[in-house]
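Just so you know, ligand 1 is whichever comes first in the structure, and atom 1 is the first atom listed for that ligand.
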Amino acid sequence: MFKDSWTPSVDLQEAPAPSTQFDLPNKGDQVRGRRNITEDVNGNLICNLMPDKLEAGDWRGQADKVNLAEESLLNKMIRHALVTNRNQVEVLQADPTSPLYSVKTFEDLRLTPELLKGVYNMGFNRPSKIQECALPMMLAQPPQNLIAQAQSGTGKTAAFSLAMLSHVNPANKWTQCLCISPTYELALQIGQVIEQMGKFCPDVKVEYAIRGNRLLRGVKLQAHIVIGTPGTVLDWCVKYKFIDPKKITLFVLDEADVMIATQGHQDQSLRIYRQLTKDCQMLLFSATFEDSVWRFAERVVPDPNIIKLKREEETVDNIKQFYVDCKNKEDKFMALCDLYGCLTIAQAMIFCHTRKMASWLSEQLSKEGHQVAMLSGLMTVEQRAAVIERFRNGKEKVLVTTNVCSRGIDVEQVSLVVNFDLPVDFSGNADNETYLHRIGRTGRFGKQGFAVSMVDSIHGMDIINQIESHFNRKIRKLDTRNLEEMESMLA
Ligand SMILES: Nc1ncnc2c1ncn2[C@@H]1O[C@H](COP(=O)(O)OP(=O)(O)OP(=O)(O)O)[C@@H](O)[C@H]1O
């Protein structure tokens, strides 16, 4: 195994760093305290202000951070099927005069029998919505560039995996397809899809340009497809020359939104891009499309075809929304217990703002005899996926969580969502988007759902009013001590 001064530096760059505590002067901050500086899995520095003394209900301290790369990985791990989306795919062609092709079957794509077998073997009967339009473009001759945006779970990874496998000429013993992904774990996930889909194409070789995978100096890589993180890919192309970037004919950049949110990855991606030839086909995928993503995409993908599939709107229509007036967290807990006594709850999700609160609440609920599962940002993504799986299978009826998992969990049996802490943004205003994602966990699949928010301050009441007027839906007061009234309201 080869080792020199360069490899550890890439390892360091792409490895998660331990949490570090610094005592810094907090110029301009109203609250005195310590700054907890940590690095997320992408190498982003996260600075959490940890006040010396948290006020009751303080929304700023210790909130669990939603990490885009982790969220994306978790989504991949817990999803076993396509996300349904009834919106129409929007297509903008680079050459509007060329005919627009879309396919209804995988046979229409004229794939090799081995590859077609691989696709069917994965249980894919027909292309997903985005695949119907994207696949013919990706497989077209002459090659076409593509920027595609669609929410997670719509079949993007499967689409570009198929494109790469179909693109490769196994007789050419060099790297022809290069795919970059924001993290080690995400790169492995993509590789798994390619390996599974290419199961019946044994001549196609895949390699991972990720930390820890060290090749002997001077080696010329024979793998046809390389998937990796930007730092290692750049070094494999430029420093070690394991890959000749001039021979790459298909370049895929996945999760562009996560990529540009990660320090250094945007520059590295651009540097990789500059090594490629003008004829190299470029494909870029993203779940969201803010201006910054769009500007980046335009730099990496010249003359693109553009495909967009809008996220299906979440609605609060079949969710009965309430708030409960409480004095403090103990009072909120009492109200929660009252609620339990009254509602026939299939399963419930309870949202807290901090890990500490989530732990306290889980403990209290367990003492009351409830089977409780808990999710927090302290857990690894694998641990979170396992907890969600157990909850999905009904092993626990209550899931206490921070914001780290408010998205993406589809559990049909969730009939109650409780905002034990209200969703607020950093400035203390109502976080309407988070509220919607949280309560959207109930009332799914056309069923009736209940969302109850616990309010323990004037500020909290103000937040409820803000949410009410944002969604233009009444949030009614619920008196959990008045059983009769409660039963009639929840009926
Ligand atoms: N044509 C298809 N038919 C049935 N299932 C499919 C099809 N394409 C993809 N899937 C499955 O749907 C799920 C989501 O697909 P995929 O991972 O490709 O989506 P994505 O848009 O890349 O989402 P993410 O970025 O979260 O991975 C996966 O479980 C995948 O196996």
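Near Arg126, with a cut-off below 4.0 Å to any heavy atom, the atoms of ligand 1 are 1 (N), 2 (C), 3 (N). Near Ala81, the atoms of ligand 1 lying under 4.0 angstrom from a non-hydrogen atom of the residue are 12 (O), 13 (C), 29 (O). Close approach of ligand 1 to Thr157 is summarised as follows: ligand atoms under 4.0 Å from at least one heavy atom of the residue are 17 (O), 18 (O), 20 (P), 22 (O), 27 (O). Here is the list of ligand 1 atoms found below 4.0 Å of a heavy atom in Thr154: 19 (O), 20 (P), 21 (O). Here is the list of ligand 1 atoms found below 4.0 Å of a heavy atom in Ser128: 1 (N).
If you check the side chains of Thr249 and His167, you find a donor sitting under 3.5 Å from an acceptor. One side chain, Arg438 or Asn419, offers a donor N or O that lies under 3.5 Å from an acceptor on the other. Between Gln151 and Asn85, the side chains place a donor N or O and an acceptor N or O closer than 3.5 Å (distance only, hydrogens not considered). Using modelled atom types, one finds a donor on one side chain and an acceptor on the other under 3.5 Å when comparing Tyr435 with Gln321. At a cut-off of 3.5 Å, with distance as the only test, no side-chain donor of Lys247 or Thr277 sits close to an acceptor on the other residue.
Scanning all protein heavy atoms for the shortest distance to atom 19 (O) of ligand 1 gives Gly155 N, 2.9 Å. Protein heavy atom closest to atom 27 (O) of ligand 1, with residue, atom name and distance, is Lys76 NZ, 2.7 Å. When hydrogens are left out, the protein atom nearest atom 21 (O) of ligand 1 is Lys156 NZ, 2.8 Å; that is the closest non-hydrogen contact. Scanning the protein heavy atoms around atom 18 (O) of ligand 1, the nearest turns out to be Ala158 N, 2.9 Å. In this structure, atom 8 (N) of ligand 1 lies nearest to the protein heavy atom Gln131 NE2, 3.0 Å. Among all non-hydrogen protein atoms, the one lying nearest atom 26 (O) of ligand 1 is Ser152 OG, 2.7 Å. Summary of contacts: the protein heavy atom closest to atom 23 (O) of ligand 1 is Gly153 N, 2.6 Å.
No part of Ala150 comes within 4.0 Å of ligand 1, judged by heavy-atom distances.
An N or O contact shorter than 3.5 Å is missing between Pro127 and ligand 1 by distance. Looking at ligand 1, you won't find any N or O of Ser72 less than 3.5 Å from one of its N or O atoms. For ligand 1, the polar-atom distance check finds no N/O of Asn75 at less than 3.5 Å from any of the ligand's N/O atoms.
A salt bridge links Asp317 and Arg473; the closest N-O separation between the charged side-chain nitrogens and carboxylate oxygens is under 4.0 Å. A salt bridge does not link Glu389 to Lys395: none of the charged nitrogens lies less than 4.0 Å from a carboxylate oxygen. One finds a salt bridge joining Glu70 and Arg384 here, because a Lys/Arg side-chain nitrogen approaches an Asp/Glu carboxylate oxygen to under 4.0 Å. One finds a salt bridge joining Glu132 and Arg126 here, because a Lys/Arg side-chain nitrogen approaches an Asp/Glu carboxylate oxygen to under 4.0 Å.
Looking at Phe160, Phe124, Tyr120, it is Phe124 that brings a heavy atom closest to atom 11 (C) of ligand 1.
For Phe285 and Phe160, the distance between ring centers is under 6.0 angstrom.
A cation-pi arrangement, defined by a distance under 6.0 Å to the six-membered ring centre and an angle within 45 degrees of its axis, is present between Arg211 and Tyr184.
Residue Phe106 places a heavy atom less than 4.0 Å from ligand 1.
The protein reaches atom 14 (C) of ligand 1 closely, with a heavy atom under 4.0 angstrom from it.
For the pair Met357/Phe420, a side-chain contact is recorded, criterion being any heavy-atom separation below 4.5 Å from C-beta on.
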